[in-house]
Protein chains: 2
Amino acid sequence: MAKLNENYLNIEEGYLFAEIARRVAEYQKNNPDKKIIRLGIGDVTLPLSENVVNAMIQGVKDQGAAETFHGYGPEQGYEFLRDAVSAYYKSFGVDVPSDEIFISDGAKSDTGNITELFDKDNIILVPDPVYPVYVDTNMMGGKNVYYMAGTADNGFLPMPSDADLPAGKAADVIYLCSPNNPTGAVYNKDQLKEWVDYANANGSVILFDAAYEAFIADETLPRSIYAIEGARTCAIEFCSLSKTAGFTGTRCGYTIVPKDIKVMSTAGVEMSPHAMWFRRQSTKFNGVSYPVQRGAEAAFSAEGMAQCRKNIEYYKENARIIADALDKANIRYTGGAHSPYIWFECPDGMSSWDFFDKLLNEVQVVGTPGEGFGKNGAGFFRLTGFGSREATIEAVERIKSVL
Amino acid sequence: MAKLNENYLNIEEGYLFAEIARRVAEYQKNNPDKKIIRLGIGDVTLPLSENVVNAMIQGVKDQGAAETFHGYGPEQGYEFLRDAVSAYYKSFGVDVPSDEIFISDGAKSDTGNITELFDKDNIILVPDPVYPVYVDTNMMGGKNVYYMAGTADNGFLPMPSDADLPAGKAADVIYLCSPNNPTGAVYNKDQLKEWVDYANANGSVILFDAAYEAFIADETLPRSIYAIEGARTCAIEFCSLSKTAGFTGTRCGYTIVPKDIKVMSTAGVEMSPHAMWFRRQSTKFNGVSYPVQRGAEAAFSAEGMAQCRKNIEYYKENARIIADALDKANIRYTGGAHSPYIWFECPDGMSSWDFFDKLLNEVQVVGTPGEGFGKNGAGFFRLTGFGSREATIEAVERIKSVL
């Protein structure tokens with residue numbers, strides 16, 4: 001008789017955003033005339049830039065003629081796109097060779113699938129609060145997840161000393177997300193250096209999620225873990241065009257696995273996460289749609305990047321509008337400056353789901369309850385700058401009335 | 001210290017097609033003036049049909065305007081595409097509800113990722129020879145793989161009695177691929193009924209790979225496992241637009257997980273592979289590119305299907321041309337009639353890699369050595385009808401000279 005993966009019994013049934021959608025749908029059903037403004041899910045709203053659209057159309061046309069048709073592509077991604085990603089890193093001073101870049105359909109797939117490379121018995125260290133996918137995907141594999149608290153005291157930037165680990169043990173696999181989702185907090189170079197040194201000293205592997213790096217405005221803040229000396233021997237980085245270039249529905253991301261990371265097997269055989277990821281991707285993945293890769297290449301061109309920066313400034317201006325209102329109400333928050341997210345304490349000690357319901361029911365604004373990102377998110381709330389300007393201004397006016 | 005997944009040490013380093021590519025590149029380097037014809041990899045060569053191209057261009061244009069922009073889509077796929085797949089099944093008499101269909105970037109991803117739903121200790125039964133991904137992905141998860149021999153005697157269609165299992169044990173998870181890759185052999189309804197009955201009697205789950213179903217010309221042969229009574233309680237089906245509509249580089253597939261499959265956990269909790277796959281896909285996947293889904297929808301339209309049939313007939317005519325040459329040389333083969341593949345015994349008792357080298361060195365034709373698909377493939381060879389007509393005719397003339 002088939003036995004299923006019973007680890008699935010240990011993960012919570014409802015994904016955070018499904019529960020939000022359920023409450024919103026119920027409210028809308030009972031109040032069909034109310035206009036709801038959604039500043040909850042981290043989804044972009046601005047369209048793809050013109051040069052990306054044109055490149056994708058050309059890519060599609062290529063698929064329509066025998067002479068330019070592309071069948072199975074390289075599982076690691078076309079060289080033209082890996083070179084474009086490498087040049088993008090170079091533009092902010094970080095060297096990443098093309099052959100360490102793996103093109104994928106998005107950072108969510110890769111941060112989930114990377115768990116396959118690790119043995120079941122590692123100590124997995126995850127920030128709390130954080131993007132729920134890290135915990136869920138490890139739970140699915142029956143892994144041992146430990147937490148490090150992000151709190152107002154450490155600016156939601158937990159350091160090695162914040163890790164809640166078994167006595168005498170170090171973390172084997174460490175998730176870092178900077179700029180952080182949901183808090184918008186960004187590690188500085190000294191902080192990341194401390195993490196890299198910790199990983200190299202303990203033989204740990206850092207899984208660094210840089211999905212929001214393009215929102216960093218301060219040049220002294222690291223946009224990549226590889227801006228830190230020593231990272232090439234311990235860190236894997238995930239990034240995506242979702243937030244950088246508005247690809248949430250178009251789907252393209254990339255993962256960097258340096259060849260310098262080496263791990264000894266139990267029997268003393270040297271293993272390479274780079275070689276393993278290549279094997280994983282060539283066996284369980286068949287590459288990203290050719291026209292999508294052409295669009296992604298265009299996003300990294302000078303013209304594409306100029307448009308991306310314009311869109312990111314638009315979202316950050318929205319975040320600033322939200323932050324201004326919180327400033328005026330004397331509410332502490334993180335994020336905004338280098339992130340599309342604003343993260344703040346719910347007023348009057350309310351629980352985050354109570355505040356969610358209050359905003360929905362009283363002023364018809366949807367945000368994200370902090371406890372959906374971990375227990376340290378309890379009492380906090382996330383709003384995003386991804387709405388339209390008009391909707392953001394309107395939402396802020398409404399929110400002010402209940403703060 | 002991080003411990004990697006040491007099961008990776010147990011899988012063979014080189015994927016079959018990488019070794020082929022290596023030998024071909026070496027030969028071409030030493031013989032730069034020789035024109036090589038490739039009938040090896042199962043990749044299509046005809047371009048996307050015009051209506052698919054137009055639908056994708058419209059999809060891309062939608063992404064370029066705020067009013068029609070699509071951000072994150074439903075992880076299970078857009079309803080318009082799931083409905084189109086459901087209608088496609090109906091066109092050959094099989095009922096598959098839209099909400100049991102999961103759109104993905106391809107059957108390779110799904111047949112690999114589905115292994116996550118099963119416990120490590122199942123008895124996994126795989127045909128030999130077969131598509132190497134089933135074995136490799138199970139080995140990566142440290143699973144127990146057992147084989148059933150496909151031989152000239154059983155027409156390369158192994159039945160339950162051919163399974164080489166521990167005494168007294170039944171298979172828990174059963175891979176079937178029909179039309180088979182690489183042999184082109186197709187199970188008939190009675191044979192599949194025997195498999196479905198076996199699975200229902202033993203509580204096994206069948207993983208049915210239907211990637212080549214569109215090549216079936218005989219209406220009495222099943223194009224889906226769901227053409228068989230009882231399959232809804234035991235079978236998951238994988239299919240793709242790669243071979244049906246030429247999507248190998250455009251990427252879109254679908255997997256059907258019936259809600260009727262229920263498996264008891266060790267503690268007696270009823271578990272649903274449908275619910276688990278939904279959870280897996282919503283946690284580790286973010287859906288298929290919107291313009292690609294629009295293209296796939298168009299492939300399933302009347303106009304799209306007419307073009308698909310035309311292309312499939314073209315590939316099958318190529319296969320017939322290869323088969324004719326084998327007939328004349330009195331060489332036994334399977335496939336061709338309902339498959340793009342021709343599978344035959346190497347002449348003069350040659351090993352399949354020796355015959356590969358002979359064809360490459362003497363007549364510059366590339367095929368696929370049978371032993372790349374399992375030990376029962378030793379001494380056999382695969383040629384595909386996916387080349388151009390001109391190249392196929394030329395290749396057959398060359399091959400004749402060495403048979």
note = When the 4.5 angstrom heavy-atom criterion is applied to S265(A) and chain B, the contacting part is both
remark   = d(S289(A) OG, D105(B) CG) to nearest 0.5 Å is 10.0 Å
Proximal component of T266(B), with respect to chain A [non-hydrogen, under 4.5 Å] = both
request  = Check each atom of S282(A) against the heavy atoms of chain B and say whether the ones under 4.5 Å are side chain, backbone, both or neither.
outcome  = backbone
task = For the residue pair S204(B) and M1(A), establish whether any side-chain heavy-atom pair is separated by less than 4.5 Å.
result = no
request  = Against chain A, label N202(B) side chain, backbone, both or neither, depending on which of its atoms sit under 4.5 Å from a heavy atom there.
outcome  = backbone
ask   = Rounded to the nearest 0.5 Å, how far does CD of Q293(B) lie from CZ of R251(A)?
value = 11.0 Å
inquiry  = With a 4.5 angstrom heavy-atom cut-off, is it the side chain or the backbone of V269(A) that approaches chain B, or both, or neither?
reply    = side chain
ask   = Rounded to the nearest 0.5 Å, how far does CG of N122(B) lie from CG of L4(A)?
value = 7.5 Å
key: Contact origin within T45(B) toward chain A - heavy atom pairs under 4.5 Å   = backbone
query = Based on non-hydrogen pairs under 4.5 Å, which of V173(B), I124(B), N113(B) is most in contact with chain A?
reply = N113(B)
inquiry  = Quick check on V288(B) against chain A: is it the side chain, the backbone, both or neither that has a heavy atom closer than 4.5 Å?
reply    = backbone
remark   = Cut-off 4.5 Å, heavy atoms of chain A, and the answer for D43(B) is both
ask   = Taking every heavy-atom pair that is under 4.5 Å apart, which of V53(A), T68(A), V60(A) has the most such pairs with chain B?
value = V60(A)
Side chain / backbone / both / neither for E6(A) at chain B, heavy atoms under 4.5 Å = both
query = What part of Y8(B) lies closer than 4.5 angstrom to a heavy atom of chain A: side chain, backbone, both or neither?
reply = side chain
ask   = Quick one: of E67(A), E50(A), M140(A), who has the most non-hydrogen atom pairs under 4.5 Å with chain B?
value = M140(A)
inquiry  = Does atom NZ (K262(A)) have a neighbourhood of more than 12 heavy atoms from anything else shown, all under 6.0 Å?
reply    = yes
task = Check each atom of I57(B) against the heavy atoms of chain A and say whether the ones under 4.5 Å are side chain, backbone, both or neither.
result = both
query = When only pairs under 4.5 Å are counted, which of G246(A), S388(A), S109(A), A199(A) shares the most heavy-atom pairs with chain B?
reply = S109(A)
request  = First locate atom CE of M276(A), then atom CG of L9(B), and finally report the distance between them rounded to the nearest 0.5 Å.
outcome  = 7.5 Å
ask   = If you measure from the Lys or Arg side-chain nitrogens to the Asp or Glu carboxylate oxygens, is any gap between K108(A) and E75(B) under 4.0 Å?
value = yes
ask   = Side chain, backbone, both or neither: which part of E116(B) has a heavy atom under 4.5 Å from chain A?
value = both
query = Do K3(B) and V263(A) come within less than 4.5 Å of each other through their side chains, counting heavy atoms only?
reply = no
ask   = Do D136(A) and R279(B) meet the salt-bridge criterion of a basic N to acidic O distance under 4.0 Å?
value = yes
Shortest non-hydrogen contact between V205(A) and A2(B), atoms and distance = CG2-CB, 3.9 Å
request  = Would you mind checking which part of M271(B) comes under 4.5 Å of any heavy atom in chain A, side chain (CB onward), backbone (N, CA, C, O), both or neither?
outcome  = both
query = For A65(B), is it the side chain, the backbone, both or neither that has a heavy atom under 4.5 Å from a heavy atom of chain A?
reply = backbone
Engaged part of L46(A) at the chain B interface, taking heavy atoms whose separation is under 4.5 Å = backbone
message = Would you compute the distance between atom CZ of F118(A) and atom CG of N5(B) and round it to the nearest 0.5 angstrom?
response = 10.0 Å
message = Could you report the tightest heavy-atom contact between A66(A) and P47(B), atom names first, then the distance?
response = N-CG, 3.6 Å
key: Beyond-backbone contact of T115(B) with K284(A), side-chain heavy atoms, under 4.5 angstrom   = yes
inquiry  = Return the OG1 to CD distance between T250(B) and Q63(A), rounded to the nearest 0.5 Å.
reply    = 4.0 Å
request  = Name the region of V292(B), side chain, backbone, both or neither, that has any atom closer than 4.5 Å to a heavy atom of chain A.
outcome  = side chain
message = Is there a side-chain contact between F69(B) and V44(A) in this structure, where contact means two heavy atoms from C-beta onward sitting under 4.5 Å apart?
response = yes
